[in-house]
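Residue numbers begin at 1 in each chain, while the letters A, B, ... track the order of the sequences.
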There are 2 protein chains.
Amino acid sequence: MRLSSLADYAVVIMSAAARHCGGVARLNATTLAEETGVPLPTAQKLVSRLAAAGLLESARGQGGGFRLSRPPSAIDLAEVIEAVEGPIALTTCVDEARHDCALDGSCRVKPHWAIVNRAVRGALAGVTLAQLAQAAPVHGGQQTKIVEIA
Amino acid sequence: MRLSSLADYAVVIMSAAARHCGGVARLNATTLAEETGVPLPTAQKLVSRLAAAGLLESARGQGGGFRLSRPPSAIDLAEVIEAVEGPIALTTCVDEARHDCALDGSCRVKPHWAIVNRAVRGALAGVTLAQLAQAAPVHGGQQTKIVEIA
DNA sequence: CTGCAATCCGAACGATACGGTCCGATTAGC
DNA sequence: GCTAATCGGACCGTATCGTTCGGATTGCAG
């Protein structure tokens, strides 16, 4: 139940890019790396994947760089994570592209995983880059609540 | 964002144990392995960890085995997963036992992770073994919803 | 038009952690 | 007191992740 380091860094980078959204200037990988503290080679790999997923627009050559393809309020955590890690699937049986669950047929729990998976993904999809770009979260008590489940 | 196979199997095993909760008879690792389809050695490793976490009560020697330490309705997914994988911490900076985040100090995103982490954990804590032991989930539309977030 | 410099893109290497297997320690029954 | 069945911990192979490196592409200056 741990996020990969790459996904963690990707969120940090996207958040930094969202903060510079006012200026139309493109941000290159070097600048993003310096600003966030992420190692440069790793940052390069990440912006590549994020661009391939359509979350960033890339421009090559001198003066090139990256820019958010959408407003920060229209990009959520789930998208960023899926761009780096692939589809959010807690178990292999949820991932429709793979049918290699050893138990499969007789597994009585399988039907429930889809619901749990949706709940977790929903928790991530509920947070946008715009919220992450804000200075600090509100500390006034519990902000998150699951109302119904399964 | 993928659950480890061990955690997946642990949920399946605990769910099977919950289904046999009526009888007071203990279940040994072999029986649970046969019933769930989980490889025996792996099942042994899992029940050991689950017992160490206090979710199962173990009895050694001939005629021994395992039993749920609490009613199925009082054990949730988060507990099972944490027993196998350790604390649920999406990022290293959420895990209070570790302070080895390379970015740390200047990271602007860090404060938000705690909230996201709580939301994900809440989604898992909302599902009990009693619900998993039921035959099948209700398919009547979307059952899960995040009302407020960060 | 040509050369240069900056940037993005894909492939190979090493390390960490997971998953699976085996053997020893312990306990209840005979 | 012995036997047998079961739990508990240690070892090893494997796969994925994370990092690093070199090549291809593009825009600007001369």
Rounded to the nearest Å, what distance is computed from the [atom1] atom of residue [X] to the [atom2] atom of nucleotide [N]?
| X | N | atom1 | atom2 | value |
| --- | --- | --- | --- | --- |
| A:R60 | C:dA5 | CZ | P | 19 Å |
| B:L50 | D:dC7 | CG | P | 13 Å |
| A:I13 | D:dG18 | CD1 | C1' | 14 Å |
| B:Q44 | C:dG19 | CD | P | 17 Å |
| A:R49 | C:dC8 | CZ | P | 17 Å |
| A:L27 | C:dC8 | CG | C1' | 15 Å |
| A:L46 | C:dC8 | CG | C1' | 14 Å |
| A:L40 | D:dT20 | CG | P | 10 Å |

Going by atom types only, do [X] and [Y] share a side-chain donor-acceptor pair under 3.5 Å?
| X | Y | answer |
| --- | --- | --- |
| A:D8 | A:S5 | no |
| B:S4 | B:E85 | yes |
| A:E35 | A:H20 | yes |

Ignoring backbone atoms, test whether [X] places a side-chain nitrogen or oxygen under 4.0 Å from the OP1 or OP2 oxygen of [N].
| X | N | value |
| --- | --- | --- |
| B:S58 | D:dG8 | yes |
| B:T42 | C:dG20 | yes |
| A:S4 | D:dG18 | yes |
| A:S5 | D:dG18 | yes |

From [options], pick the nucleotide closest to the side chain of [X]?
| X | options | result |
| --- | --- | --- |
| B:Q62 | D:dT19, C:dA28, D:dC7 | C:dA28 |
| B:P39 | C:dC22, C:dT21, C:dC9 | C:dT21 |
| B:L6 | D:dG8, D:dT20, C:dG20 | C:dG20 |

_By nearest heavy atom, map A:G65 and A:K45 onto DNA chain C; which one lands nearer the 5' end?_
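Of the two residues, A:G65 wins.
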
*Which part of the nucleic acid, if any, lies within reach of B:A59 when heavy atoms closer than 4.0 Å are counted: base, sugar-phosphate only, or nothing?*
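Sugar-phosphate, backbone atoms only, no base.
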
*What nucleic acid atoms does A:A29 come within less than 4.0 Å of, heavy atoms only: base, sugar-phosphate, or nothing?*
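Sugar-phosphate contact only.
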
*Does any N or O in the side chain of A:S69 come within less than 3.5 Å of the main-chain N or O of A:G54, such that one atom is a donor and the other an acceptor?*
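At least one qualifying donor-acceptor pair exists.
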
_Whether B:S48 side chain and B:Q44 backbone form a donor-acceptor pair below 3.5 Å_ =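 Checking the backbone N and O of B:Q44 against the side chain of B:S48, a donor-acceptor pair under 3.5 Å is found.
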
